[in-house]
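Order of the sequence lines fixes the chain letters, A, B, ..., with proteins taken first and strands second; residue numbering starts at 1 for each chain. Side chains are part of it too, since the values below use all heavy atoms of this structure and drop only hydrogens, waters and symmetry mates.
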Number of protein chains: 2
Amino acid sequence: MLLRTPTDLGSAIRDRRRRLNLDQEDLANQVGVSRKWIIDVEKGKPRAEIGLILRTIEVLGVRLSLDTNEMTPEETATLAVPVADIDRIIERARDKPA
Amino acid sequence: MLLRTPTDLGSAIRDRRRRLNLDQEDLANQVGVSRKWIIDVEKGKPRAEIGLILRTIEVLGVRLSLDTNEMTPEETATLAVPVADIDRIIERARDKPA
DNA sequence: TCAATATGTCACCGTTCGATGACCTACCCA
DNA sequence: TGGGTAGGTCATCGAACGGTGACATATTGA
């Protein structure tokens, strides 16, 4: 599953929790956070701490991986010339919400 | 690359930034955060906001994915009986640093 | 060597975090 | 009908956030 936003992450966490038949309180206890935190994160809270997120993911028995986008043919072609890639990245990132 | 801790994440971000020939200030500007934030995150700050992390990752042209650990035989076997899996998860999570 | 560039540190500040505990729905099922 | 369970909300609080700007300390290249 691909994660782009905190909402994606929240949905993934909720799905996985339910798959394991855990309620919010069980998960909260195992991760060492409050039940409220679980609720907020599952709703996609963008300011949740990365450390707690990572612990939650580990408790859920899930693996988080980071890959360069060199997999698809187009992306591989682009990355073959790093400078061009930088330009594309800058363009995509321009005018992002602060 | 596998991410288990905020330190893993920080290293990955720094590596990727250098690969793209960006200095901390460039990256900070593109993500919309302060240079100090980049410094902290690259050092593995565990309380950094997930939303900012995700934006950083996108600017760096990297993909974050979440996979269940159902790939190896042992894990597949375990997940076939959710209740047993929960016990293993609890045991692994016990006595985690708060 | 020197100066430019990159990186790291500091104190200050307003904002938001996450924990807590109480309360409120909904839902199920006996 | 009632009670149990799961999920969501609220107010409060101390702690830490992230931004800012100035100041150190590498690191690099001429």
Residue pair B/R63, B/E58: steps toward the salt bridge (charged side-chain N to carboxylate O under 4.0 Å, His left out) verdict: CA-CA 7 Å; B/R63 189 167 284 154; B/E58 199 203 337; over 6 Å; no

A/R16 to A/L60 - nearest heavy-atom pair and separation: NE-O, 2.8 Å

Sugar-phosphate only, base, or nothing, as touched by B/E49 at under 4.0 Å among non-hydrogen atoms: sugar-phosphate

Donor-acceptor contact below 3.5 Å, side chain A/R17 vs main chain A/L22: yes

Pairing of B/D40 and B/K36 as salt bridge, 4.0 angstrom limit: yes

Terminal axes of the helix from C/dT1-D/dA30 to C/dA30-D/dT1 (five pairs each): angle between them, nearest 10 degrees: 50°

Step-by-step side chain to side chain contact (heavy atoms under 4.5 Å, CB included) determination, B/L9 to A/I50: CA-CA 9 Å; B/L9 180 65; A/I50 182 66; 3.8 Å; yes

Any donor-acceptor pair under 3.5 Å from A/R47 side chain to B/E49 backbone: no

Among C/dG8, C/dG18, C/dC17, the one nearest A/A48 by side-chain distance: C/dG18

OP1 or OP2 of C/dA6 under 4.0 Å from side-chain N/O of B/R17: no

Contact under 4.0 Å: A/R14 side-chain N or O vs D/dG8 OP1/OP2: yes

Length of the line joining B/L27:CG and C/dG8:P, which is rounded to integer Å: 13 Å

Nearest-nucleotide pick for B/Q24, side chain only, options being C/dG18, D/dG18, C/dG8: C/dG8

Length of the CZ-P vector between B/R47 and C/dG18, whole Å: 7 Å

pair A/S65-B/D67: side-chain heavy atoms closer than 4.5 Å: yes

Side chain of A/K45 - closest among D/dG8, D/dG18, C/dG18: C/dG18

Path from B/I53 to B/I39 over hydrophobic side-chain contacts below 4.5 Å: no

Residues in contact with DNA chain D, drawn from residues 34-43 of chain A - heavy-atom cutoff 4.0 Å: A/R35, A/K36, A/I39, A/K43

